[in-house]
Every structure is written in structure tokens, then in C-alpha cells.
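One structure below.
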Amino acid sequence: MRLLEKLAFGKASSVSYWDRWSKDDMKSCCLQIQPISQKMANDLRRWASELLETERNKKLDLKCLMDELIIRTWIEEP
């Protein structure tokens, strides 16, 4: 989650959800996630590729993904 947050919000003092993330940003994030989980890195790469093709690579979409992961983790906890 920290890597996704870093990708979404970076080091900027203010971030707009309408800002776009680049292919290079996502590639860097996937490479950092790879040692943690190869499956997650592959899934994230596929998800990002689809958004890039449709030009929906906005930080809002990344924030929605993070929210979904948080909810799923909360539901799956015993």
C-alpha cells in the first residue's frame, strides 16, 4: 500500500486526483512490488496497461484501487 500511495501522491506538496501517472511511474512501482508479490505486480501491470490504453491513468483511479484493496483486506480479516 505504501508503494501505491507513493505512486499516487508522490512528493508533491499538492496533488490533484486529475493528475496523470505515467507508464514509467507505474513501471517503477511494479518493479518495487515484484519482490513482495510477483502476482500482485503482474496484476497491477495489467490493470495499469488497460487504463493507459483508454487514457484513464488519473490518480483518482489509483486512489479508487487503493480504497478497494483496503476494503477487501478489512472484509477478509478474521
Side-chain angles (χ1 to χ4, degrees):
M1 289 304 287
R2 280 181 277 179
L3 292 171
L4 292 176
E5 287 174 2
K6 181 179 173 185
L7 174 63
F9 305 113
K11 298 176 185 174
S13 59
S14 66
V15 175
S16 168
Y17 285 133
W18 302 113
D19 290 346
R20 294 183 182 271
W21 44 264
S22 70
K23 184 177 181 178
D24 290 337
D25 293 337
M26 187 55 72
K27 184 178 179 180
S28 174
C29 184
C30 287
L31 288 173
Q32 292 177 46
I33 290 175
Q34 205 169 12
I36 299 167
S37 170
Q38 182 66 47
K39 182 179 179 344
M40 180 171 265
N42 290 342
D43 290 346
L44 182 60
R45 188 176 298 118
R46 276 189 229 107
W47 176 83
S49 178
E50 289 179 21
L51 289 182
L52 281 166
E53 286 177 14
T54 60
E55 296 183 2
R56 291 191 58 218
N57 56 321
K58 294 181 177 64
K59 294 189 178 196
L60 177 62
D61 295 306
L62 192 53
K63 170 78 167 92
C64 291
L65 173 67
M66 289 187 302
D67 290 345
E68 180 70 22
L69 290 172
I70 290 168
I71 290 169
R72 287 178 185 245
T73 302
W74 178 75
I75 289 172
E76 292 175 1
E77 286 181 352

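All values below come from the heavy atoms of this structure, side chains included, with hydrogens, waters and symmetry mates left out.
Going from atom CH2 of W21 over to atom NZ of K59 covers 11.0 Å, rounded to the nearest 0.5 Å. Rounded to the nearest 0.5 angstrom, Q38 CD and C30 SG are separated by 9.5 Å. How far CG of L52 is from CH2 of W47: 9.0 Å, rounded to the nearest 0.5 Å. The CG atom of L4 sits 7.0 Å away from atom CE of M40, with the distance rounded to the nearest 0.5 Å. Between the CG atom of L3 and the CG atom of L31 there is a distance of 11.0 Å, given to the nearest 0.5 Å. If you take CD1 on I36 and CZ on R2, they are separated by 8.0 Å, rounding to the nearest 0.5 Å.
I70 places a side-chain heavy atom less than 4.5 Å from the side chain of M1.
Salt bridge D61/R56: present, at least one basic N to carboxylate O contact under 4.0 Å.
Atom CD of E55 is surrounded by 12 or fewer heavy atoms from other residues, nucleotides or ligands within 6.0 Å. Heavy-atom neighbours of M66 CE from other residues, nucleotides or ligands within 6.0 Å: above the threshold of 12.
Counting only residues at least two apart or on different chains, no salt bridge (charged side-chain N to carboxylate O under 4.0 Å, His left out) pair has a member in residues 21-34.
Side-chain contact, T54 with E50: no donor N or O sits under 3.5 Å from an acceptor N or O.
Looking at residues two or more places apart in sequence or on another chain, you find a salt bridge (charged side-chain N to carboxylate O under 4.0 Å, His left out) between K63 and D67. For R46, the salt bridge (charged side-chain N to carboxylate O under 4.0 Å, His left out) test picks out D43, with sequence neighbours left out.
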Criterion side chain to side chain contact (heavy atoms under 4.5 Å, CB included) on L65 and L44, from CA distance to verdict: CA-CA 10 Å; L65 173 67; L44 182 60; 3.9 Å; yes
